[in-house]
Amino acid sequence: MSKEHDKGMSLIVKVITRLTVGLILLFGIYIVLHGHVSPGGGFAGGVIIALSFVHLMLAYGKDVALKKLPKTAMSFFESMGAILFLSIALLGFTGGYFFLNFISKGEPFRLFSAGTIPLSNIAISLKVGAGLFAIFVVLVLLKFEWEKKE
Amino acid sequence: MIIYLLCLILFCCGLYCILRKRNIIKIILGIIIAEYAVNLFFILVAYRMEGRSPILSSEVEIVNMVDPLPQALVLTAIVIGLATTTLLVALAMRIYEKYKTFDITKIKELRG
Amino acid sequence: MTATSNILPLFVGISLAGAFLTSIVGKKLKWLPDLMGSLTTLILLGLSLITVRIVATQGILVYSVGGWKLPIGIALVLDGLTVFMLVTVNLMAFFIAIYSINYMEKFTSKWKFYTLFLLMVAGMNGVVITGDMFNLFVFLEIASVASYALVAFGTERHELEAAFKYTVMSIVGSLFVLLGIVFLYSYTSTLNMADMANILAQKSASNITIMVSVLFIMGFGLKAALVPFHAWLPDAHPSAPAPISAMLSGVLIKSLGVYTLCRVFYNVIGINSSLSLILMVLGTLSMVIGVFLAIGQWDFKRLLAYHSISQIGYVILGIGLGTPLGMIGGLFHLFNHSVFKSLLFLNSGAVEYATGTRDLQKMGGLMTKMPITGTTSLVASMSIAGIPPFNGFWSKLIIIIACVQANRLGYAFWAVLASILTLASFMKVMKYAFFGKLREKWNKVEEVPVFMKLSMVILALICVVGGVLLIYNINEVFLKPASDVLLEGTKYADIVFKGIQ
């Protein structure tokens, strides 16, 4: 606990962050899962998920955030999101068309409806969430040559 | 009509910024402004009088909705803009590392 | 819709899958990125050769993604021009991928290179194969973003400066393209190219089409590096690693610039005499100014980059003429240029790999130490300068004959003049780089590794036998369908709508 207090912002920010960051993440997941019945979707939800990690990193410093989601995991999730999306598209060939919505569409306005669209949303949110956080981390942690020497 | 002209002026502001400014960061800002002017124009083109957002819901029947397609397309354009802007910012940081300046008049080793 | 048309989405799908698999697995296994790069492009090359046969036997293929009917869903269209571009892009991508196996050893993270490379290939294949206006823009941006990152791949001073210049100018070009698409969408209320062509043909000509034409000439002209918009090319192309220079000069400016210009102006908006005049003037300007700027260069790759501008001028001149012979000449020159310009950039990369310099004044006599690089470079130089048995001669000859036939003697004169100046500047390259006396410090120079030699030799062979494409039978299935698509003009729409049934 004491170690966590050394880096990052002041105690107030940390306490508030600890209370809100879970809710932000949850809200992002909600936006992703309800992407096909309400405004939002994979991209918007993915951005919110990434922002929750960015929030954590701003308040607690890079070590805590990177312990939660290491760099290797980020790049893995990013590529995995793309591959998942592509395989959903390729699975459409089972019905004869690329990108065919081959699962039954179900009833409108229900959570479990719209066939492959929620699955695609999840794939996109993985890609966007991991990608955006990776961009943030890479830009923040970029060390200049003259800084490395010091 | 006036609103399209305002959009055009915004676009021209962006272009002016790209062409005239010497600071790399200001050039990047100019690109962002021009990009958003185009996106805004696309959204405005799809608007119709008294139209409402094209979101289907079980309670309300929508009679007069705006064209939903440009909104989807603009979302794609925004994502592309995010990618290019990030790349530009990363390039700008790397350039600062090598040249120790953001002034493009001092970054001109390639010519001829 | 037949079973064979399922081949169409694979061109994008396979290259994207290759890119992302490389980025997941390539970090751990050092040998995998090389294999993935070569294998993916080999599969794509095979598929594109199959499509030549498909179009010859079954005619045009239209695929609607996701099973949505044509004007609503995204359409993929396979016609003669698409097949021609697919073969060009994937042929070059395959040989350049083989070349990079050895060349990219000196860079630390090969998997990043191959991921971006395959993304670029995916973007180019997508641009060529799509039949939807906005989809074209998206793929154009995928290929462009990958190329920005690849130009800056070395992250040294010059690379970064060139990449920044290239990125800013190219983004402005993309913005003009997007603005043009917005105007077209608001005017026609559709994004499908065939549908758009139909509606534009029904409405009479208006100021909107003129405005859109201007925006597209600026946007796609910038991507194709036509002369008033060429300033980024001589910086960006030499700064990239040699395989990427070859890819950028060989196919990227063609699939993102020339192909899109042809497709939009001939098949969607519909060509008229003033547009064709603009294309011809821009082509001639690029041809002459490019070659004049090239002669004074001492940097090997920069000289080649200026020649790219000049040779793209020939292609645009041939296509802008609008006569059947001019089209065949322009498209044939497009194919030939991608072969010999890629080969020349690979040669310059081989010289840089062996000696570490790109300055022509510091080279000399390398023919004795690097016979294969020297010979292939000689073949490519003679091709680009238009010496008879090689492929460049035939295409330039056709373009000049087409100019004379269309009674445009002035353009023919400039084409001949540019060709002579090209010959002069490549004689300079040959004299300073490969012939003459060997310098002391190059005594220990060795020939490049096996994969680099392999791809250079095969490309040189294509240069030698390239003229074969004009033989009647091959011409019938490869070049002629491509120029026919352009000649049909806005009838393209009817053909696409017929293809859907």
Side-chain angles (χ1 to χ4, degrees), chain B residues 4 7-8 11 14-15 17-19 21 24 27-28 30-47 67 69-70 72-74 76-77 79-100 102 104 106-112, chain C residues 72 133-135 137-142 144-149 151-152 154-172 174-187 189-191 215 231-232 234-236 238-239 293 296-299 302-303 306:
Chain B
Y4 297 136
C7 232
L8 183 72
F11 184 69
L15 276 188
C17 208
I18 296 168
L19 295 173
K21 292 293 171 192
I24 284 182
I27 292 175
I28 296 175
I31 287 171
I32 296 172
I33 292 172
E35 228 164 46
Y36 276 78
V38 176
N39 291 346
L40 186 62
F41 181 65
F42 207 172
I43 290 289
L44 286 175
V45 156
Y47 181 71
D67 188 357
L69 188 61
L73 301 183
V74 163
T76 317
V79 177
I80 294 170
L82 170 78
T84 47
T85 312
T86 313
L87 196 65
L88 272 174
V89 171
L91 279 179
M93 289 172 80
R94 287 291 193 167
I95 286 176
Y96 188 76
E97 178 188 11
K98 301 286 178 199
Y99 289 83
K100 303 210 172 57
F102 277 135
I104 53 165
K106 294 194 181 107
I107 307 169
K108 47 178 183 186
E109 292 181 359
L110 294 170
R111 41 178 53 233
Chain C
I72 298 167
M133 211 63 189
F134 193 78
N135 209 3
F137 172 75
V138 172
F139 281 122
L140 187 117
E141 284 293 286
I142 292 178
S144 305
V145 171
S147 71
Y148 309 149
V151 168
T155 62
E156 290 302 320
R157 294 171 79 94
H158 290 186
E159 277 105 353
L160 291 168
E161 186 189 335
F164 188 79
K165 217 183 263 182
Y166 172 38
T167 313
V168 169
M169 293 191 72
S170 188
I171 286 176
V172 174
S174 306
L175 281 180
F176 283 127
V177 172
L178 182 59
L179 207 55
I181 292 172
V182 174
F183 276 113
L184 271 183
Y185 176 74
S186 65
Y187 190 56
S189 319
T190 180
L191 282 169
L215 286 171
W232 57 271
D235 292 338
S239 301
L293 289 171
Q297 297 300 324
W298 285 105
D299 182 334
R302 206 173 170 82
L303 183 142
Y306 275 114

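Between C:Ile171 and C:Thr167 the shortest side-chain heavy-atom distance falls below 4.5 Å. Inter-residue side-chain proximity for C:Thr155 and B:Glu97 is flagged as unmet; no heavy-atom pair is nearer than 4.5 Å. Residues B:Ile80 and B:Glu35 have side chains not in contact (no heavy-atom distance under 4.5 Å, counting atoms from C-beta outward).
Only the side chain of C:Leu191 comes within less than 4.5 Å of a heavy atom in chain B; its backbone stays farther off. For C:Phe164, the parts sitting under 4.5 Å from any heavy atom of chain B are the backbone and the side chain alike. Heavy atoms of B:Ile95 lying under 4.5 Å from chain C belong to its backbone as well as its side chain. For C:Tyr166, no part sits under 4.5 Å from any heavy atom of chain B, backbone or side chain. Looking at C:Ser144, there are no atoms closer than 4.5 Å to chain B (heavy atoms on both sides), in backbone or side chain. The contact between C:Ala152 and chain B is made entirely by side chain atoms (from C-beta outward), counting heavy-atom distances below 4.5 Å.
Classified by interplanar angle (parallel below 30°, tilted 30° to 60°, perpendicular above 60°), the ring pair B:Tyr4/B:Phe41 is perpendicular.
Put simply, of B:Ile104, B:Val38, B:Leu15, the one with the most heavy-atom pairs under 4.5 Å next to chain C is B:Val38.
Residues satisfying the side-chain contact (heavy atoms from CB on, under 4.5 Å) test with B:Phe102, not counting sequence neighbours, are B:Asn23, B:Ile24, B:Ile25, B:Ala92, B:Tyr96.
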